[in-house]
Novice: 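Below is the structure I would like to discuss, written out as structure tokens.
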2 protein chains.
Amino acid sequence: MKDCFSPDFDPLAANAEDARAARIYAALAHEARLRILRHLILQDACCCKEIVSTVDLAQSTVSQHLKVLVQAGLVDYRPERQSSRYSVNSQALNAIQTHLNGLVNDLADFCSGQRK
Amino acid sequence: MKDCFSPDFDPLAANAEDARAARIYAALAHEARLRILRHLILQDACCCKEIVSTVDLAQSTVSQHLKVLVQAGLVDYRPERQSSRYSVNSQALNAIQTHLNGLVNDLADFCSGQRK
DNA sequence: ATCGTATATCGCCGATTTACGATGAAAGAT
DNA sequence: ATCTTTCATCGTAAATCGGCGATATACGAT
């Protein structure tokens, strides 16, 4: 547990996790990508074409969105002979959940006046 | 609980929550705004100047970032005589946490092969 | 060898974001 | 009345995003 109340604690110190978290939040910040991600969650290891068929976007656009998700680490990519396979990276999803929980918990701690 | 396994469930149906969630994720998708938000969490009801002093950015830039957070609903804004007051909207923070939990839980349910 | 399919990438564009300095408004201080 | 402080907004420039069609690659099928 972070010691947020020690005298030299600086909540604004360069936070390496924030940089990574910001990239993941950015990947989540588009309705189409949320749809794609949810599809991948419920139907693992999809190919690009299948996703195109469920989203009203051009194939090239979907490919771009998938690339964003992959670069953020939220989705794993396995190029296959005929059709590539995309699947959710549950670790990354858990990581961003943890990051967000950290914010919310800080708030909860503050509201309850809790000290270490 | 959403019935994700009913025959006519469509995970890709237009999801009104996704639009709002995407806006909030976008607000979180910047390191400076994460810093600002964390500062507001640990030190409620800050004025703009105080935040400027903790982030290496121009006052106008900070003001813009605050505007993004306010428009996303993550931060409340109360213009004051001398110095405006910004404070975290815990409801919005909880809402986005719930949205993210929804994704993660869907994944967990899928992995465990759980059915209703 | 040619065709069809699936996919990634390129080039282009309009829109949006991010940053800054400058300016103006509101209010307290002198 | 005149400064000073605080803050939002405007204008601007650079960068990035989001979308599309076109194209290139890879491979199975004919």
Side-chain angles (χ1 to χ4, degrees), chain A residues 12 14-15 18-37 39-40 43-87, chain B residues 12 14-15 18-37 39-40 43-87:
Chain A
L12 303 172
N15 189 337
D18 276 359
R20 167 163 169 76
R23 286 211 313 280
I24 297 184
Y25 287 129
L28 295 173
H30 196 288
E31 215 175 339
R33 288 195 291 268
L34 287 176
R35 277 167 158 235
I36 291 172
L37 193 61
H39 185 83
L40 287 175
Q43 183 77 37
D44 201 42
C46 293
C47 66
C48 179
K49 191 202 175 192
E50 182 185 339
I51 296 172
V52 170
S53 71
T54 64
V55 180
D56 192 25
L57 289 171
Q59 176 266 328
S60 57
T61 305
V62 172
S63 192
Q64 291 278 18
H65 281 309
L66 285 167
K67 193 177 181 181
V68 171
L69 289 168
V70 169
Q71 286 180 335
L74 277 169
V75 165
D76 290 328
Y77 170 55
R78 186 158 42 98
E80 204 92 337
R81 348 188 133 275
Q82 271 297 67
S83 60
S84 302
R85 291 291 152 189
Y86 290 93
S87 56
Chain B
L12 302 174
N15 190 338
D18 276 359
R20 167 163 170 75
R23 286 212 314 279
I24 298 184
Y25 287 129
L28 295 173
H30 196 290
E31 213 175 339
R33 289 195 289 268
L34 287 178
R35 276 167 159 234
I36 292 172
L37 193 61
H39 186 82
L40 287 175
Q43 183 78 38
D44 201 41
C46 293
C47 65
C48 180
K49 192 203 173 191
E50 180 185 340
I51 296 171
V52 170
S53 71
T54 64
V55 180
D56 193 23
L57 289 171
Q59 177 266 328
S60 56
T61 306
V62 172
S63 191
Q64 292 280 18
H65 281 308
L66 284 166
K67 193 177 181 181
V68 171
L69 289 168
V70 169
Q71 285 180 337
L74 277 170
V75 165
D76 290 329
Y77 170 56
R78 185 159 43 98
E80 203 91 337
R81 346 185 138 278
Q82 266 297 66
S83 59
S84 303
R85 291 290 152 190
Y86 290 93
S87 55

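Here is how names work: the chains are called A, B, and so on, in the same order as the sequence lines, proteins then strands, and each is numbered from 1.
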Novice: Rounded to the nearest angstrom, tell me the gap between atom CZ in A:Arg78 and atom C1' in C:dA6.
Specialist: 16 Å

Novice: Does B:Tyr86 put a side-chain nitrogen or oxygen below 4.0 Å from OP1 or OP2 of D:dT6?
Specialist: no

Novice: Just to be sure I understand the rule, does B:Arg33 reach a base, reach only the sugar-phosphate, or reach nothing, if contact means heavy atoms closer than 4.0 Å?
Specialist: sugar-phosphate

Novice: Using whole Å, what does the distance between atom P of nucleotide D:dC7 and atom CD1 of B:Ile36 come to?
Specialist: 13 Å

Novice: Test for a donor-acceptor pair under 3.5 Å between the base of C:dA6 and the side chain of A:Gln59, counting only N and O atoms.
Specialist: no

Novice: Do the side-chain N or O atoms of B:His30 get closer than 4.0 angstrom to the phosphate oxygens (OP1, OP2) of C:dT16?
Specialist: no

Novice: To the nearest 0.5 Å, what is the distance between CD on B:Glu50 and NE2 on B:His39?
Specialist: 3.5 Å

Novice: Say you draw a straight line from CG of B:Asp76 to CG of B:Leu69; how long is it, rounded to the nearest 0.5 Å?
Specialist: 11.0 Å

Novice: How many whole angstroms separate atom CG of A:Leu66 from atom C1' of D:dG18?
Specialist: 14 Å

Novice: Write down the atom of B:Leu28, the atom of A:Tyr25, and the distance for their closest heavy-atom approach.
Specialist: O-CD1, 3.5 Å

Novice: Quick one: B:Leu28 CG to C:dT17 C1', roughly how many Å, whole number?
Specialist: 16 Å

Novice: So, OP1 or OP2 of D:dG19: does either fall under 4.0 Å of a side-chain N or O from A:His65?
Specialist: yes

Novice: Between A:Glu50 (CD) and C:dT5 (P), how many Å, whole number?
Specialist: 18 Å

Novice: Rounded to whole Å, how long is the line connecting atom NZ of A:Lys67 with atom C1' of D:dG19?
Specialist: 15 Å

Novice: If every non-hydrogen atom of A:Cys46 is compared with every non-hydrogen atom of A:Leu40, which pair is closest and at what distance?
Specialist: CB-CD2, 3.7 Å

Novice: Is any side-chain N or O of A:Thr61 under 3.5 Å from a base N or O of D:dG18, one able to act as donor and the other as acceptor?
Specialist: no

Novice: Hey, does the side chain of A:Ser84 come within less than 4.0 Å of C:dA8's phosphate (OP1/OP2), counting only N and O?
Specialist: yes

Novice: From B:Ser63 OG over to B:Ile51 CD1, what is the distance, rounded to the nearest 0.5 angstrom?
Specialist: 10.0 Å

Novice: Between A:Tyr77 and C:dA8, is there a side-chain N or O to OP1/OP2 distance below 4.0 Å?
Specialist: yes

Novice: Rounding to an integer number of Å, can you tell me how far B:Leu57 CG sits from C:dT17 C1'?
Specialist: 14 Å

Novice: Just the rounded figure in Å: distance from P of C:dG28 to NZ of B:Lys49.
Specialist: 16 Å

Novice: Ignoring hydrogens and angles, answer whether the base of D:dA8 and the side-chain atoms of B:Gln64 contain a donor-acceptor pair closer than 3.5 Å.
Specialist: no

